[in-house]
Protein chains: 2
Amino acid sequence: MNNLLKYIRSLTSFSDESWNLLQPALTKREFKKNEFLLRQGQVCNSLFYIDNGYCKSYYEIDGVVKNTGFFFENEIATNINSFGNGQKSEFNIVACEPLTAIIFDKDKLFQTAQQANEIETLGRNCIRLFATKQEEFSTLFKLYSAQERLEYLEAKHPEILQRVSLSQLASFLGVARETLSRIRKRRVLE
Amino acid sequence: MNNLLKYIRSLTSFSDESWNLLQPALTKREFKKNEFLLRQGQVCNSLFYIDNGYCKSYYEIDGVVKNTGFFFENEIATNINSFGNGQKSEFNIVACEPLTAIIFDKDKLFQTAQQANEIETLGRNCIRLFATKQEEFSTLFKLYSAQERLEYLEAKHPEILQRVSLSQLASFLGVARETLSRIRKRRVLE
DNA sequence: ATAATTATGTGACGTTTATCACAGGTCTGA
DNA sequence: TCAGACCTGTGATAAACGTCACATAATTAT
């Protein structure tokens, strides 16, 4: 829980009282590799703070897996649309390694947020970070070619390259794994 | 202001008292076509509620314009990263038509939000909608080809196709305008 | 009204990428 | 330890896309 408290306090001022109030909304949980945090068709009622390990979000369309996001330590994974609107999730979130998460329960979180403005502010800031990340990766596709997208990740998010396999990354970058393999080779030679 | 109040109440319960408290943070402003709401290099201290008209966000890289988003009536345009972190914006927001916006001033908004939890909740919900939209368009690129992205817009966001020219749209869809012209032609013939 | 600007369509051509096929390497669980 | 699963590399080929060039609307400004 200590990592989470640090994370929260990096986002917003947060009294010990707010922290105590928040506790009932929190559950620590371990996930095995390949275990689901969220399945397609389910409603997402949780925010998953990643304490250790990492997970990915992916769509499965006509049997083909398309990765849309990776979430590492000190990030929050969720389906923001499903969480906010109560709609069924169109994608899965699955642990890529043994994973420790602290789960925020939606209903309890909203209850406590009504009592403590600091918690409401925390929620806003978590969503803001999430939006910022989405915007960043959304922009990547509009501005850059596949090779430039790879270079961007190398410069700005090297942790992704270190921990995610080429095949998994290719799907995230929107290219075939063969193409990514060739891009990487080209770049080594240049 | 009436549209804005309706918009707010579609998001969250909002008392007349909160509405009155919010007023000092709001300014109505008209923009001419091609006038900037936000310029690259500026810090974004505003949320722009679009009352009438529409605007777009775009990067200008090596003299080439790359559109990253379109914002229509009853949406909020902003640079969420700049607004949240105080960093300089890397992109512009410009009116594509004569535009009426209601501007939320950041500092005043945060002051009133500390007094009224409903306003804090409103902020969270505005950002949530923003995040949902970003995620939606981010996913488009990972799941679909250029033609499929066009079909998606036709199905889910026809208003964009009706109001945005082909050249402008091509940039947003991440293809050359010639390619989009040919895709459209193919689709008419099929 | 008309000139200038902007938007669209289209052909030609080269580049990039996807797809299929297969080989070899690495990891993992019984 | 050994078989099965997954991962990476690479060649061949076809499809998709970008770029340049130019013609023709359509829109805008004066």
Side-chain angles (χ1 to χ4, degrees), chain A residues 32-35 53-54 56 58-67 70 94-98 140-154 160-190, chain B residues 31-35 53-54 56 58-67 70 94-99 140-154 160-190:
Chain A
K32 293 175 189 163
K33 183 175 175 177
N34 296 325
E35 195 175 349
Y54 78 96
K56 68 170 186 176
Y58 71 97
Y59 287 69
E60 193 167 344
I61 297 180
D62 301 331
V64 180
V65 168
K66 310 246 184 180
N67 298 329
F70 294 99
V94 70
C96 299
E97 295 177 351
L140 268 188
F141 285 87
K142 288 163 192 154
L143 300 187
Y144 303 131
S145 68
Q147 176 164 346
E148 289 168 329
R149 293 201 290 276
L150 177 61
E151 288 167 5
Y152 181 91
L153 285 194
E154 286 173 341
I160 296 185
L161 300 185
Q162 284 157 21
R163 295 177 73 178
V164 175
S165 76
L166 181 142
S167 304
Q168 297 297 315
L169 187 66
S171 168
F172 177 69
L173 286 175
V175 294
R177 60 162 195 87
E178 296 94 333
T179 302
L180 186 56
S181 173
R182 288 173 180 128
I183 288 173
R184 200 160 70 170
K185 185 186 174 190
R186 270 206 317 265
R187 283 181 42 69
V188 171
L189 298 177
E190 274 164 7
Chain B
F31 293 87
K32 292 174 190 163
K33 184 174 176 177
N34 296 325
E35 196 176 348
Y54 79 98
K56 69 169 186 178
Y58 70 97
Y59 287 69
E60 193 165 347
I61 296 180
D62 301 331
V64 180
V65 168
K66 310 246 185 180
N67 299 328
F70 295 99
V94 69
C96 301
E97 294 177 350
L99 183 143
L140 267 188
F141 285 87
K142 289 162 191 155
L143 300 187
Y144 303 129
S145 68
Q147 176 164 348
E148 288 167 330
R149 294 200 290 276
L150 177 62
E151 288 166 4
Y152 181 91
L153 286 194
E154 287 173 341
I160 296 185
L161 300 184
Q162 283 158 21
R163 295 177 74 177
V164 175
S165 76
L166 180 141
S167 304
Q168 298 297 314
L169 188 66
S171 169
F172 177 70
L173 285 176
V175 294
R177 63 164 193 83
E178 296 93 333
T179 303
L180 186 56
S181 174
R182 288 173 181 127
I183 288 173
R184 200 161 71 169
K185 186 185 175 192
R186 271 207 315 266
R187 283 183 39 69
V188 170
L189 299 178
E190 276 164 9

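Each chain gets a letter, A, B and so on, in the order the sequences are listed, and its residues count up from 1.
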Rounded distance (Å) that lies between atom [atom2] of [N] and atom [atom1] of [X]:
| X | N | atom1 | atom2 | result |
| --- | --- | --- | --- | --- |
| K32(B) | dA29(D) | NZ | P | 12 Å |
| R184(A) | dT17(C) | CZ | P | 16 Å |
| N34(B) | dA29(D) | CG | C1' | 13 Å |
| K142(A) | dC17(D) | NZ | C1' | 19 Å |
| I183(B) | dG9(C) | CD1 | C1' | 14 Å |
| Q147(B) | dA16(D) | CD | C1' | 11 Å |
| Q168(A) | dA5(D) | CD | C1' | 14 Å |
| L169(B) | dA7(C) | CG | P | 13 Å |

Can you pull every protein N or O that's under 3.5 Å from an N or O on nucleotides 10-13 of chain D?
from, atom 1, to, atom 2, distance (Å)
dG11(D), N7, R182(A), NH2, 2.5
dG11(D), O6, R182(A), NH2, 3.0

Between the two ends of the helix from dA1(C)-dT30(D) to dA30(C)-dT1(D), what is the bend in degrees, rounded to 10 degrees, where each end axis spans five pairs?
60°
Using OP1 and OP2 only, check whether a side-chain N or O of S167(A) sits under 4.0 Å from dT8(D).
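Indeed, a polar side-chain atom of S167(A) lies that close.
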May I ask you to evaluate whether S165(B) reaches the phosphate of dT6(C), defined as a side-chain N or O under 4.0 Å from OP1 or OP2?
no
Test of understanding: with side chain to side chain donor-acceptor pair (under 3.5 Å), list the residues that count as partners of Y152(B), not counting sequence neighbours.
E136(B)
Please list, chain by chain and in numerical order, all residues satisfying side chain to side chain donor-acceptor pair (under 3.5 Å) with E148(B), sequence neighbours excluded.
S145(B)
Protein and nucleotides 25-30 of chain C: nitrogen or oxygen contacts under 3.5 angstrom:
none

Measuring from the side chain of R186(B) (C-beta onward, heavy atoms only), which nucleotide among dT19(C), dC17(D), dA7(C) has the closest atom?
dC17(D)
Out of dG18(D), dG9(D), dA18(C), which has the shortest distance to the side chain of A176(B)?
dG18(D)
Hey, can you pull the donor-acceptor pairs under 3.5 Å for the side chains in residues 160-170 of chain B, sequence neighbours left out?
from, atom 1, to, atom 2, distance (Å)
R163(B), NH1, E73(B), OE1, 2.7
R163(B), NH2, E73(B), OE2, 3.2
R163(B), NH2, E97(B), OE1, 3.1
S165(B), OG, Q168(B), N, 3.4
Q168(B), OE1, K56(B), NZ, 2.7
Q168(B), OE1, N67(B), ND2, 3.0

Shortest non-hydrogen pair, G53(B) vs L99(B), comes out as C-CD1, 4.3 Å
For [X], check ring-ring contact (aromatic ring centres under 6.0 Å, His included) against everything at least two apart and list the hits.
| X | value |
| --- | --- |
| F141(A) | F141(B) |
| F70(B) | F172(B) |
| Y58(B) | none |

Could you tell me which residues satisfy salt bridge (charged side-chain N to carboxylate O under 4.0 Å, His left out) with E35(B), sequence neighbours excluded, listed by chain and number?
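With neighbours one apart ignored, the set is R29(B).
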Near DNA chain C, counting only heavy atoms under 4.0 Å, which residues of residues 58-67 of chain B show up?
none
Show every side chain to side chain donor-acceptor pair (under 3.5 Å) that has at least one partner inside residues 174-183 of chain A, sequence neighbours left out.
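For residues 174-183 of chain A, and leaving out neighbouring residues, there are no side chain to side chain donor-acceptor pair (under 3.5 Å) pairs at all.
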For the CG atom of L150(B) and the CG atom of L140(B), what is their distance to the nearest 0.5 Å?
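If I round to the nearest 0.5 Å, the distance is 11.0 Å.
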